[in-house]
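First up is the structure itself, then whatever we jot down about it.
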Amino acid sequence: MAKSWKLAGKAKATARRLGGMTTTGEARAEGLTGPWWWARWRSAVLDGTLALVSAVECGAEGVPFARDAGIPVAAGVVFGVLAGSTLLLRRMWPIAVVLVSIAISPAQMGFLLTVVGLYTLAASELPRRIIAALAGMSLLGTLVVTFVRAQQDMTRGEVSNLGDWFVPFISITASLGVTAPPLLLGLYVGARRRLMESLRERADSLERELQLLAERAEERAEWARNEERTRIAREMHDVVAHRVSLMVVHAAALQAVARKDPEKAVKNAVLVGDMGRQALTELREMLGVLRSGDGGAGRREGASVPLAAVGAAAAVAAAASRAVADEEGAVGEGPCLSELDELIGQSAAAGMVVDLSVEGEARAYAPEVEQTAYRVVQEALTNVHKHAAGAKTHVRLAHRVSEIAMQVENEPPPEVSSASSARLPSGGNGLVGMRERVVGLGGVFVSGPTDAGGFRVSAVIPAS
């Protein structure tokens, strides 16, 4: 029991620590506080700043473009500002930004627009073939524009003629320098972002699984605690009910014969004292087992440690079962079938006529089997004392090949005088406890009144 509480506590503490290191999808969704399509305000500010710089750059580059194209300078500036401002949409429509940068590349404007657009496109979740196609178009456009410009500069004499190799070299170098770095950086950032998202989703899934396993472990521990409480209550009932019932019967007999037969009264008083001491001894043994265990410490630790789950929550359930089995074995060192004669002798001393018959060859059984068989006979005799005082009782025990059977049947109770009768209280737990014991070992339990007016209790328990 204590082991199951400790393991369940450790499981939930681990899940609590893991939960502190991860962020669930709902928490991330609640963190999206930015305007429009931006997840955060700082992203909106960054894109706005980049768009402003790009608009200023394209607007400035629109002046020479307007002069070369023979259009008003204001029109060229407005065209450049509008083209550069499209960078504001890079997170929402990265394809549109790249297409705009390709479209204005012949006007020799939009350097920042091209670089940032390619980076955003490569880092996005778009299919690779679309990214490759747009990157190829941007590379080709930049290559053509650079080649034409370098050729014009050499024709005008602005650049010294270094040979036929210079124009292709500078064109390829410039186009690769503009497109390759942002493209590669975007691919890296996108891959890293997808990896982090995958790890975060796996962490969320693991956290949910741990919480589920921890809840199951907690339920298993609670089940184990309830089973232990039921077992202890059943054991206490079996120990106390029989002894106290006999004590009450002897006390009633003592009251009846105190004046008429002092010697018999003294004998009954001695029997009452012996039975009281036996009941106290058995109670001390049981309480000693409970005190010697660490169940209380385990319960306190289980209450102080936050309950949630660990990947070994399945072991918690198994440990709970083993813990219950261990404590069953510790307390299970109780009565056995060899003590039936003494048990029946005590009932006979209380005035009950008991007939014991044994069939088959007696042999040793597992401790829990012998204890259960003993308790069934004990509780059945206790019920006879309570409800059919003075009735003749037949106890039959049969040793079979693979099972042991027992039957306790009493005849109808005789008419008794009020002076000798003792009405004993009944909590209604005796038959329930016997059934739980027998069924728990895989046996069969039947009880009920007989046609003759008596009562019969029968049980069959597997030998192993």
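Being a predicted model, the structure only gives us computed values, none of them experimental. Atoms considered below: every heavy atom in the structure, side chains included; atoms not considered: hydrogens, waters and symmetry mates.
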Decide yes or no for Glu368 and Leu441: does some side-chain heavy atom of the first lie under 4.5 Å from some side-chain heavy atom of the second? yes
Using 0.5 Å steps for rounding, measure from the CG atom of Leu121 to the CG atom of Leu187. 9.0 Å
Would you check if the side chain of Ser54 reaches a backbone N or O of Leu50 as a donor-acceptor pair within less than 3.5 Å? no
Heavy-atom side-chain proximity of Asp47 to Trp38 below 4.5 angstrom: yes
Between the side chain of Glu379 and the main-chain N/O of Met434, is any donor-acceptor distance below 3.5 Å? no
Say whether, by atom type as modelled, one donor and one acceptor occur between the side chain of Ser175 and the main chain of Ile172 under 3.5 angstrom. yes
How close do Val401 and Arg363 get, counting heavy atoms only, and between which atoms? O-NH2, 3.1 Å
Met406 side chain near Ile461 side chain, heavy-atom distance below 4.5 Å: yes
Listed partners of Ser458 passing side chain to side chain donor-acceptor pair (under 3.5 Å), at least two apart: Gln407
Any idea which heavy atoms bring Ser85 and Ala51 closest together, and the distance? O-CB, 4.1 Å
List the residues meeting ring-ring contact (aromatic ring centres under 6.0 Å, His included) with Phe445, not counting sequence neighbours, and say none if there are none. none
Taking distance alone, no hydrogens or angles, what donor-acceptor pairs closer than 3.5 Å link side-chain atoms of residues 60-84 to residues at least two apart or in another chain?
{"from": "Glu61", "atom 1": "OE1", "to": "Gly110", "atom 2": "N", "distance (Å)": "2.9"}

Show me the side-chain donor-acceptor pairs of residues 129-136 shorter than 3.5 Å, one per line, residues at least two apart or across chains.
none

OG1-CG distance between Thr179 and Leu118, expressed to the nearest 0.5 angstrom: 6.5 Å
Between Arg208 and Gln211, does any side-chain donor sit less than 3.5 Å from a side-chain acceptor? no
Which residues share a salt bridge (Lys or Arg N to Asp or Glu O under 4.0 Å) with Arg202, sequence neighbours left out: none
With the side chain counted from C-beta on, respond yes when Trp93 and Thr86 share a heavy-atom pair under 4.5 Å apart, and no when they do not. no
Considering only heavy atoms from C-beta outward, does the side chain of Thr142 approach that of Ser138 to under 4.5 Å? yes
Going through the checks in order, is the side chain to side chain contact (heavy atoms under 4.5 Å, CB included) test met by Leu46 and Arg91? CA-CA 11 Å; Leu46 174 62; Arg91 296 179 191 267; 4.0 Å; yes
Using the side-chain contact (heavy atoms from CB on, under 4.5 Å) criterion, which residues pair with Val97? Sequence neighbours excluded. Leu87, Arg90, Leu113
Interatomic distance, CG@Leu195 vs CZ@Arg200, rounded to 0.5 Å, equals 10.5 Å
Please check if the side chain of Ser205 supplies one atom and the backbone of Glu201 the other of a donor-acceptor pair under 3.5 Å. no
Do the non-hydrogen side-chain atoms of Tyr374 and Cys336 ever get within less than 4.5 Å of each other? no
Quick check against the 3.5 Å criterion: does Glu57 have a side-chain atom that pairs as donor or acceptor with the backbone of Phe111? yes
Give the minimum heavy-atom separation between Arg435 and Ser447, together with the two atoms involved. NH2-OG, 4.2 Å
Shortest non-hydrogen separation from Ala103 to Pro106 and the atoms involved: O-CD, 3.3 Å
Quick check for you: to the nearest 0.5 Å, what is the distance between Leu143 atom CG and Thr173 atom OG1? 10.0 Å
Is there a side-chain contact between Glu370 and Pro367 (heavy atoms, below 4.5 Å)? no
What distance do Leu212 atom CG and Glu215 atom CD have between them, rounded to the nearest 0.5 Å? 6.0 Å
Should the pair Arg194-Glu197 be classified as a salt bridge under the 4.0 Å nitrogen-to-oxygen rule? no
Value rounded to 0.5 Å, distance of CH2 in Trp36 from CG in Leu89: 10.0 Å
Please determine whether a side-chain nitrogen of the Lys or Arg among Arg216 and Glu219 lies less than 4.0 Å from a carboxylate oxygen of the Asp or Glu. no
Run the numbers on Val377 and Leu337 for side chain to side chain contact (heavy atoms under 4.5 Å, CB included), then give the verdict. CA-CA 10 Å; Val377 176; Leu337 290 176; over 6 Å; no
Which heavy atom in Ile104 sits nearest to a heavy atom in Cys58, and how many Å separate them? CD1-SG, 4.4 Å
For Val438 and Val376 the tightest heavy-atom approach is CG2-CG2, 3.9 Å
